[in-house]
Amino acid sequence: MRAHLVAAKISELSSNKVTSGTLELRTSERRYGKESIRTRILRLQDWDTAFAIWAWPNLVNLSEATALEPLHFSAWDSLHIGLHALEKDLYWSVESAELFNAVEPEALARLFENMETYLLENYTHTMARQASTVTRKFVREALAAYNPEGRISRIKTVYKTKLLRRKNPQKIISDGIFIDPSTGEPTPPVSALRHSTAKDLKEKVEDRLKLDLKHIETACLNEINSYENACKKLALLREIALPKNAAFIRDNYHHPTKIELSERDLIGLFSLYLQTDLKAAQNKIAPQGFIHPYARAITSYICQHLEIQLIGRFSDLLRYDTFLPANTAIACALVIQIRTKWNISSVIEMRKSSITRSRSFVQLQSIKTKVFNETPAVVIETTDELAMKAISLVERSLDQSIKRGYSQATEERFWLTARLDQKTGIPRRRANWGVHLRNFREKHNLQPFSLEDVRAQALTLVALGQDGAFAAMEAAGHRGMGSIAAYLDSPLHQRLNA
């Protein structure tokens, strides 16, 4: 009898494509600026038959939608977890298959409660919350087609999820204790500042937050200036004439005689390699390998001449004035993040076409990588010298990469590296930003902080201003106060508002 009911129901809904036994669902993932597409295969036989009677048509619609616009992989993983949690509920028995077009909101509320209980028992709170959110939406959409009276829409008022978002306050840079580089004395965390009045506390907090960001900006400026000075010296090496014994160096290019070279010979040999690497990029051929017997001597001498840290990969040294080295890249990214208040992922995803210049200002815009919406446009005045230096360096690096033949003329992405992809020959994008930040902090004796802390600090400063939390919400590009609360619901703000 059960099999007969199921077969009849599937036959009845054949127009809704329930009989299709296999579906392809495309998902996307973006990591370090690179998007990958994956095709998931769904089989009708893998699902409980009665459950699939109402769920499969909506999965078909979802499959067709992803053929045009891939679904984010995390959204599908959450939905997949939630649907299988629903499938285990006895409510979706074969006998109830005839009743799904008359389901009441109260019944759905019980179903959702059972689903969330199962999810909490088997997954983390975050995974359970995400799975519940997307699955409840899926169920409402699937059943709404068979409930034209709008009963299903009442479920939002009948059922309130117990999986609320846990918003731990976002840490800021000034929460820590560190040694002030100007005085050498330890500074207390911002939440422990001494004060006489509430006004005095607010002023001291604001001054402390600005000071800590100023230390970072000073380190960024020193790093950028050092890089620009090294690039000027490297430009002279690109133009230097080969030494008199250039013929000897050329003759021993591939199989050199291991002899002692003078400083002039080292510079001449390095200049020869600069020319060779550039010609290889322009002619789209594999660059010449490095001469092993002279490798250490040339690299050590040139790094000392440029007054930069010793570089491990010789290609990084040859292309030093084309692609930003790690410390310079993180310095530019930090300056842009402080000015824009964006997540670091949005800074990384910024494109050349998203920068608009005028005489008096530069406008920046990017995308939010989680939801693929545009970030708020940020206007930076040209009088902001540090920001102009950072933005110009990032733009110049891409322009040089295109001009010298390493990148295609249509390249829009920033943060490229000297390391070329072995298959395509295209420069790889920079990754491991957390490691680069740690190295940058250690080099400039900065207190420990993360890239997320930088944004939180910048937004906290906005919130302390005249327009308060609403200004911070607009700067962050959030639609409501719920999202910005994670940045502002901290012991510091609670103390300020007490």
Check whether any side-chain heavy atom of [X] lies under 4.5 Å from a side-chain heavy atom of [Y], and answer yes or no.
X: Leu119; Y: Ser132; value: yes
X: Glu223; Y: Ile330; value: no
X: Arg419; Y: Phe323; value: no
X: Leu334; Y: Leu437; value: yes
X: Asp384; Y: Arg339; value: yes
X: Phe73; Y: Arg38; value: no
X: Arg428; Y: Leu416; value: no
X: Leu25; Y: Leu42; value: yes

Distance check, rounded to the nearest 0.5 Å: [X] atom [atom1] versus [Y] atom [atom2]?
X: Thr135; Y: Ile81; atom1: OG1; atom2: CD1; answer: 8.5 Å
X: Asn327; Y: Ser226; atom1: CG; atom2: OG; answer: 9.5 Å
X: Ile298; Y: Ser271; atom1: CD1; atom2: OG; answer: 11.0 Å
X: Leu62; Y: Arg26; atom1: CG; atom2: CZ; answer: 12.5 Å
X: Glu452; Y: Ser345; atom1: CD; atom2: OG; answer: 9.0 Å
X: Lys443; Y: Asn222; atom1: NZ; atom2: CG; answer: 9.0 Å

So Asp321 and Arg238, side chain to side chain contact (heavy atoms under 4.5 Å, CB included) or not? Walk me through it. CA-CA 11 Å; Asp321 55 350; Arg238 288 189 178 276; 2.9 Å; yes
Is it true that the side chains of [X] and [Y] contain a donor and an acceptor less than 3.5 Å apart?
X: Ser450; Y: Asp453; value: yes
X: Gln365; Y: Ser354; value: no
X: Arg404; Y: Thr322; value: yes
X: Ser346; Y: Ser366; value: no
X: Tyr406; Y: Asp277; value: yes

For Tyr301 and His305, take the angle between the two ring planes, folded into 0 to 90°, and tell me which bin it lands in: parallel under 30, tilted 30 to 60, perpendicular over 60.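 Ring orientation of Tyr301 relative to His305: parallel.
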Classify the ring geometry of Phe314 against Phe270: parallel below 30°, tilted from 30° to 60°, perpendicular beyond 60°.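 It falls in the perpendicular class, over 60°.
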Could you tell me whether Phe440 and His436 have their ring centroids closer than 6.0 angstrom?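 Between His436 and Phe440, which both carry aromatic rings, the centre distance is not below 6.0 Å.
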Has the side chain of [X] got a donor or acceptor atom that lies under 3.5 Å from a matching backbone atom of [Y]?
X: Thr27; Y: His72; result: no
X: Glu412; Y: Ser353; result: yes
X: Gln457; Y: Leu209; result: yes
X: Tyr227; Y: Tyr320; result: yes
X: Gln337; Y: Leu451; result: yes

Between Thr356 and Val362, does the side chain to side chain contact (heavy atoms under 4.5 Å, CB included) criterion hold? Intermediate values first, please. CA-CA 6 Å; Thr356 305; Val362 174; over 6 Å; no
Distance-minimising heavy-atom pair for [X] and [Y]:
X: Leu393; Y: Leu324; answer: O-CD2, 4.1 Å
X: Leu364; Y: Ile391; answer: CD1-CD1, 3.9 Å
X: Trp433; Y: Arg430; answer: NE1-O, 3.3 Å
X: Arg351; Y: Ile348; answer: NH1-O, 4.3 Å
X: Gln363; Y: Phe361; answer: N-CD1, 4.0 Å
X: Cys303; Y: Leu317; answer: SG-CD1, 4.2 Å

When you check the gap from the basic side-chain N to the acidic O, do [X] and [Y] get nearer than 4.0 Å?
X: Asp77; Y: Arg40; answer: yes
X: Glu349; Y: Arg413; answer: no
X: Asp212; Y: Arg208; answer: yes
X: Glu206; Y: Lys210; answer: yes

Could you walk me through whether Trp76 and Thr66 satisfy the side chain to side chain contact (heavy atoms under 4.5 Å, CB included) test, starting with their C-alpha distance in whole Å, then the side-chain angles of each, then the deciding distance to 0.1 Å, before giving a yes or no? CA-CA 11 Å; Trp76 167 248; Thr66 62; over 6 Å; no
Would you check, one step at a time, whether the test side chain to side chain contact (heavy atoms under 4.5 Å, CB included) holds for Leu278 with Leu318? CA-CA 9 Å; Leu278 189 57; Leu318 291 174; over 6 Å; no
A quick test of your reading: do over 12 heavy atoms of other residues, nucleotides or ligands sit less than 6.0 Å from [atom1] of [X]?
X: Glu374; atom1: CD; result: no
X: Lys279; atom1: NZ; result: no
X: Gln408; atom1: CD; result: no
X: Glu69; atom1: CD; result: no

Evaluate Arg429 against Asp421 for salt bridge (charged side-chain N to carboxylate O under 4.0 Å, His left out), listing each step before the verdict. CA-CA 10 Å; Arg429 296 196 76 192; Asp421 188 274; over 6 Å; no
Please list, chain by chain and in numerical order, all residues satisfying side chain to side chain donor-acceptor pair (under 3.5 Å) with Lys232, sequence neighbours excluded.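 Checked Lys232 against side chain to side chain donor-acceptor pair (under 3.5 Å); zero matches.
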Give the C-alpha distance, both sets of side-chain angles, the deciding distance and a yes or no for salt bridge (charged side-chain N to carboxylate O under 4.0 Å, His left out) between Glu228 and Lys389. CA-CA 10 Å; Glu228 289 181 330; Lys389 278 177 174 284; 3.2 Å; yes
Among Leu386, Val394, Ile380, Leu221, exactly one meets side chain to side chain contact (heavy atoms under 4.5 Å, CB included) together with Val335. Which residue is that?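 Only one of Leu386, Val394, Ile380, Leu221 forms a side chain to side chain contact (heavy atoms under 4.5 Å, CB included) with Val335, namely Leu386.
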Restricting to salt bridge (Lys or Arg N to Asp or Glu O under 4.0 Å), what partner residues turn up for Arg357, sequence neighbours left out?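 With sequence neighbours excluded, Arg357 shows a salt bridge (Lys or Arg N to Asp or Glu O under 4.0 Å) to Glu395, given in chain and number order.
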